[in-house]
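Here the structure is laid out as structure tokens; the discussion comes afterwards.
Numbering of ligands and ligand atoms starts at 1, following listing order.
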Amino acid sequence: MTDAQKYITAVQEKLAQKGAWEQEFLQAVQEFLPTIVPFLEEHPEYIEKDIVSLLVEPERIIQFRVPWQDDEGKRQVNRGYRVQFNSALGPYKGGLRLHPSVNLSILKFLGFEQVFKNSLTDLGIGGGKGGSDFDPKGKSDDEIMRFCQSFMTELARHIGPSLDVPAGDIGVGGREIGFLFGMYKRLQQYDAGVLTGKPLNFGGSLIRTEATGYGLVYFVKHLLADQGTTLKGKKVILSGSGNVSIYAIEKLIELGAIPLTCSDSNGCIYDPAGIDLALLKEIKEVKRERLTSYQAARPEAQYMEGSVWDQDIAADIALPCATQNEINGTQAQNFINHGVKLVAEGANMPSSNEAIALYLANDVYYGPAKAANAGGVAVSALEMSQNAQRLSWSREEVDHRLDDIMENIFLTCRNTAERYGLKNNYVAGANIASFEKVAHAMLLQGLV
Ligand code: GLU
């Protein structure tokens, strides 16, 4: 073992001893650290200063109770969190997730990923994440509002436009951001820059809702262009039916690809003629219904229970856009056997480490989440710029900037991988390039 390998193994072991139950966080660290060994070997100063031990420790974690009353007048309580992971490059930035699975391990993994993702955008943002184990499913608008108001009553004192700027994630969209914003301004003062993903009529940015999905497809477009091909006619299997999946489908159709699938937590749709986007939007965005309604309206499509990754569908590209660990090794092998040559991640950590190893072993082009889905947070940073300027940019301007940012991120991954003799290994490229950006800033700021 080289010095660098010994060093990262020791850091990982120490971390596992401190919190063996933090499975998702340990998984994210385990995916990341081995890939930066080639960089550490060239730069022993980062080992001497023990920067990696600092990097795996959040700067601050805030945990609080969130009491609220349901529509029957019954008292409820949930756990709220904000993990302020790293501010070496700018104010903490990252979403809030509302989902019953939320715990500190999940928020630490998301915060850790966010730090590096955000650095790849080159827009001067640190990384954080927050949320609650509150389950928005089946709740009325008023219940959502009361929960958001209570959540912000505590969170407001910890955030600010130059300190920490939350946004959406699973379970948090424009409606929730609106309620959170309304409460923030009552408690502090009006400042549009304190949250991103706002509705358009009070400081939101055009394209923010679409940004993660569009950005994901732009990343794939630039990767394919680098290989001398395009999206035209490519068959794409996707998971999820939230804003990432919906707007990835929209951009795929625009660029001539054929999106075949989407999914929710119960099952998936396979539409051999290509997903009907208008129908999908109506079901998910207007009616907020389950995907069984899609099949009811379009009998030629198939609805199948279970994961989309277990199905027998031939495709060229896979875009997981649902949630963490949705693809295990068996499922990765299944779609590789069905022809998939490119995987790009719209969700955060959707592939298990076993699945990632299979992509690399089978020469599948792999765009990891922190690069491929950075378009969402990038447009959040553009929203912060517009709020600071008190201007709003046109759709075309934001979309054009997003495409440029995704091209730069792709080129950073590609060139960094090549520079370390790891051609086409975009995960190593993304990890090394982002580590270098964050760790260098930390080195210059001293032991803080
Ligand atoms: N939750 C999104 C992500 O995973 C976006 C965060 C943001 O816009 O701040 O990157």
Measuring centre to centre across the rings, with the benzene-like ring taken for any Trp, is Tyr426 within less than 6.0 Å of Tyr366? no
Under a 3.5 Å threshold, I'd like every N/O contact between ligand 1 and protein atoms, with atom names and distance.
{"from": "ligand 1", "atom 1": "1 (N)", "to": "Lys129", "atom 2": "NZ", "distance (Å)": "3.3"}
{"from": "ligand 1", "atom 1": "1 (N)", "to": "Gly168", "atom 2": "O", "distance (Å)": "2.9"}
{"from": "ligand 1", "atom 1": "1 (N)", "to": "Asp169", "atom 2": "OD1", "distance (Å)": "2.8"}
{"from": "ligand 1", "atom 1": "4 (O)", "to": "Lys117", "atom 2": "NZ", "distance (Å)": "3.0"}
{"from": "ligand 1", "atom 1": "4 (O)", "to": "Lys129", "atom 2": "NZ", "distance (Å)": "3.1"}
{"from": "ligand 1", "atom 1": "4 (O)", "to": "Asn348", "atom 2": "ND2", "distance (Å)": "3.1"}
{"from": "ligand 1", "atom 1": "8 (O)", "to": "Arg208", "atom 2": "NH2", "distance (Å)": "2.9"}
{"from": "ligand 1", "atom 1": "8 (O)", "to": "Ser380", "atom 2": "OG", "distance (Å)": "2.5"}
{"from": "ligand 1", "atom 1": "9 (O)", "to": "Lys93", "atom 2": "NZ", "distance (Å)": "2.7"}
{"from": "ligand 1", "atom 1": "10 (O)", "to": "Gln114", "atom 2": "NE2", "distance (Å)": "3.1"}
{"from": "ligand 1", "atom 1": "10 (O)", "to": "Lys117", "atom 2": "NZ", "distance (Å)": "2.8"}

Per side-chain hydrogen bond (donor to acceptor under 3.5 Å, both in side chains), Tyr92 is matched among Gln84, Arg82, Gln114, Arg60 by Arg60
If you define the side chain from C-beta out and look only at heavy atoms, does anything of Leu96 sit under 4.5 Å from Glu176? no
State whether Asp70 and Lys139 are salt-bridged, where the test is any N-O pair (Lys NZ or Arg NE/NH1/NH2 against Asp/Glu carboxylate O) under 4.0 Å. no
Would you mind reporting whether Lys370 and Phe32 have side-chain heavy atoms less than 4.5 Å apart? yes
Check ion pair Arg290-Asp264 (N to O, under 4.0 angstrom): yes
